[in-house]
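Below, chains carry the letters A, B, ... as their sequence lines are ordered, and counting in each starts from 1.
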There are 2 protein chains.
Amino acid sequence: MSSKEKTILAAIEIFSQKGKHGARMEEIAKEAGVNKSMVYYYHSSKENLYREVLKKIFYKIFLYSFSELERIQSEEMIYTERIEVIIRVFSKIYSENPNYTRIIINALANEPEDVKYIIRFLKAENDFIRPEKLLDLIEQATSSKALRKIDAKQTMISIIGVSMIYFIGKPIMEIMLGLDLEDEDVFLKERQDSLVDLVLNGIVNRPE
Amino acid sequence: MSSKEKTILAAIEIFSQKGKHGARMEEIAKEAGVNKSMVYYYHSSKENLYREVLKKIFYKIFLYSFSELERIQSEEMIYTERIEVIIRVFSKIYSENPNYTRIIINALANEPEDVKYIIRFLKAENDFIRPEKLLDLIEQATSSKALRKIDAKQTMISIIGVSMIYFIGKPIMEIMLGLDLEDEDVFLKERQDSLVDLVLNGIVNRPE
DNA sequence: ATTACGTTTGACCAAATCGTCTAACTATAA
DNA sequence: TTATAGTTAGACGATTTGGTCAAACGTAAT
């Protein structure tokens, strides 16, 4: 792996632990196993490195989620099944990449303009990034009476966002609910099932 | 207002804009209209000031949400109405205090241990902080058949978390969905209604 | 061997920034 | 008036930290 690549991976690790300002360039270099000058040689500044990191993370998440979306569109499924898969895909992305999740949450809260710029950039560069696809799916499902009359945009936000919740509120939940994290995997699985259950029941159409 | 109080309010403002590490003690002092020495005089260190801020924020949020919970428990309402009020209360807290929301999100992502410590502390000091109350409400509603057979803990997390989503995903949504923020208030209102609709439909019991 | 080019190193700088210290100011009580 | 306690100001110190630089290293082509 190139020094450039190693640096970005290390940066993801450190930024996710310490946040943008909390992270130290020296520490990132050490984690990457390269000289600090190398970091600057390839990424010119902390600001820049941070943007590279965001770009990489969003790219990977988009790549994965849109290819899954593509896949289920080509398969034989009823609408609610498709929606279920989508919810599980997002849950999976967040839970399997907790440090991506942390960085994204931080960026959204602190550098929303950076995030906007990067997403715009990625959308312009990569044809496969097409949020309309998810929107269309929801709208089709609605007009086919598989789903109730719901606002597709709002539903899309809810689906994407709801899967992120557990990670955000983990410490609160641990104390509030007296959760015992020894069985975190079990809890996460239940969490996912519960979300699927909640959302599907919330949007599905029930003929009288 | 005392200098100590002014400092905390200023700190909330600056921490919410810049994050814990991004915030400068000098800037906080300036915002508070006091000398930097005063900040140290009252709060001894940045670390300490940050914890004071978290304490204050969580206290206020708990105070508001639990008193609302208390209020609706004393009123004549059916279970689903109570749940609806709760969802709207949480949405309101987050949307009316965006800087609290940002700080909390940051703290949860970056200093989860601090958050745990503070919530434990607040719970020990303040009798009114009783998460069981919300849990009980959901459980009662379930056993009275007003709600489907759902896991109360999971539902509680979903209710609290789902209201936070809009703030977290705002930039993503703006670009993904091409939202036009001139009518943000309208959008937020629709967002809240949509959430209430989704969650209530998701958990309510429907006799065959 | 020499050139050339990308890569790597460690020392170094300048600015930022947390935190301290001492002296002074204010108000209240004796 | 004097004493005391709480409060404020601003300069200063020590360290951290983002960022730079010139020199060296490796390697592959000429």
Side-chain angles (χ1 to χ4, degrees), chain A residues 1-57 99 102-103 106-107 109-111 113-115 117-118, chain B residues 1-57 99 102-103 106-107 109-111 113-115 117-118:
Chain A
M1 193 169 24
S2 73
S3 288
K4 188 171 182 177
E5 192 70 7
K6 275 193 284 184
T7 302
I8 289 192
L9 292 186
I12 289 177
E13 190 58 39
I14 303 297
F15 279 135
S16 86
Q17 286 169 24
K18 310 282 178 80
K20 180 182 175 183
H21 297 285
R24 301 297 142 205
M25 295 299 269
E26 188 106 34
E27 200 181 355
I28 291 171
K30 198 177 158 196
E31 170 85 20
V34 304
N35 190 284
K36 190 175 70 158
S37 302
M38 291 306 295
V39 181
Y40 285 94
Y41 180 71
Y42 285 117
H43 304 285
S44 78
S45 72
K46 189 181 188 179
E47 201 64 36
N48 222 55
L49 175 59
Y50 183 71
R51 288 206 203 96
E52 293 292 326
V53 163
L54 285 186
K55 216 174 273 181
K56 174 129 203 166
I57 289 177
N99 48 8
R102 266 192 301 275
I103 289 177
N106 266 300
N110 302 321
E111 293 92 25
E113 292 309 313
D114 279 10
V115 175
Y117 171 81
I118 282 158
Chain B
M1 191 168 29
S2 71
S3 287
K4 188 171 181 178
E5 192 71 6
K6 277 194 284 185
T7 302
I8 289 191
L9 292 186
I12 289 176
E13 189 58 38
I14 304 297
F15 279 135
S16 87
Q17 286 169 24
K18 313 282 178 78
K20 179 182 178 185
H21 297 284
R24 301 296 141 206
M25 295 300 268
E26 189 105 35
E27 200 180 356
I28 290 171
K30 197 177 159 196
E31 171 86 18
V34 303
N35 189 278
K36 191 175 69 159
S37 302
M38 290 307 296
V39 181
Y40 284 95
Y41 181 71
Y42 286 118
H43 304 284
S44 78
S45 72
K46 188 180 188 178
E47 201 63 36
N48 224 55
L49 175 60
Y50 183 72
R51 288 205 203 96
E52 293 293 326
V53 164
L54 284 186
K55 219 175 269 180
K56 174 131 206 162
I57 290 177
N99 47 8
R102 263 193 303 276
I103 290 177
N106 267 299
N110 301 321
E111 294 91 27
E113 292 310 313
D114 280 10
V115 175
Y117 171 81
I118 281 158

Task: B:K18 bridged to B:E27 by N-O distance under 4.0 Å - done: yes
Task: Short N-O contact, A:E31 and A:K6, less than 4.0 angstrom - done: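 Salt bridge flag = no for A:K6 with A:E31.
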Open item on the list: What's the closest nucleotide to the side chain of B:M38 if the choices are D:dT7, C:dT8, C:dC18?
Closed with: D:dT7
Open item on the list: Please pick, from C:dT7, D:dT20, C:dC18, the nucleotide with the shortest atom-to-atom distance to any side-chain atom of A:S37.
Closed with: D:dT20
Interatomic distance where [atom1] belongs to [X] and [atom2] belongs to [N] [whole Å]:
X	N	atom1	atom2	value
A:I14	D:dG18	CD1	C1'	16 Å
B:N35	D:dC12	CG	C1'	13 Å
B:Y41	D:dT8	OH	P	9 Å
B:E27	C:dA16	CD	P	13 Å

TODO: Assess whether one donor atom and one acceptor atom, taken from the side chain of B:S45 and the base of C:dC18, lie less than 3.5 Å apart.
DONE: no
Open item on the list: At less than 3.5 Å, do the side-chain atoms of B:K36 and the base atoms of D:dG10 form a donor-acceptor pair?
Closed with: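 No such pair is found, so the answer is no.
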Can you tell me if [X] touches the phosphate of [N], counting only side-chain N or O atoms and a distance under 4.0 Å to OP1 or OP2?
X	N	result
B:R24	C:dC18	yes
B:Y42	D:dG6	no
A:S3	C:dT8	yes

Open item on the list: Testing the basics here: between B:I103 and B:I12, what is the closest heavy-atom pair and its distance to 0.1 Å?
Closed with: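 Heavy atoms of B:I103 and B:I12 come nearest at CD1-O, 3.3 Å.
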Open item on the list: Students often get this wrong, so: under 4.0 angstrom with heavy atoms, is A:M25 touching a base, only sugar-phosphate, or nothing?
Closed with: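 Result for A:M25 = sugar-phosphate.
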- [ ] Would you classify B:A29 as touching base, sugar-phosphate or nothing, given that sugar-phosphate means primed atoms plus P, OP1 and OP2, and contacts are heavy atoms under 4.0 Å?
- [x]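 The answer is nothing, as B:A29 stays clear of every strand by at least 4.0 Å.
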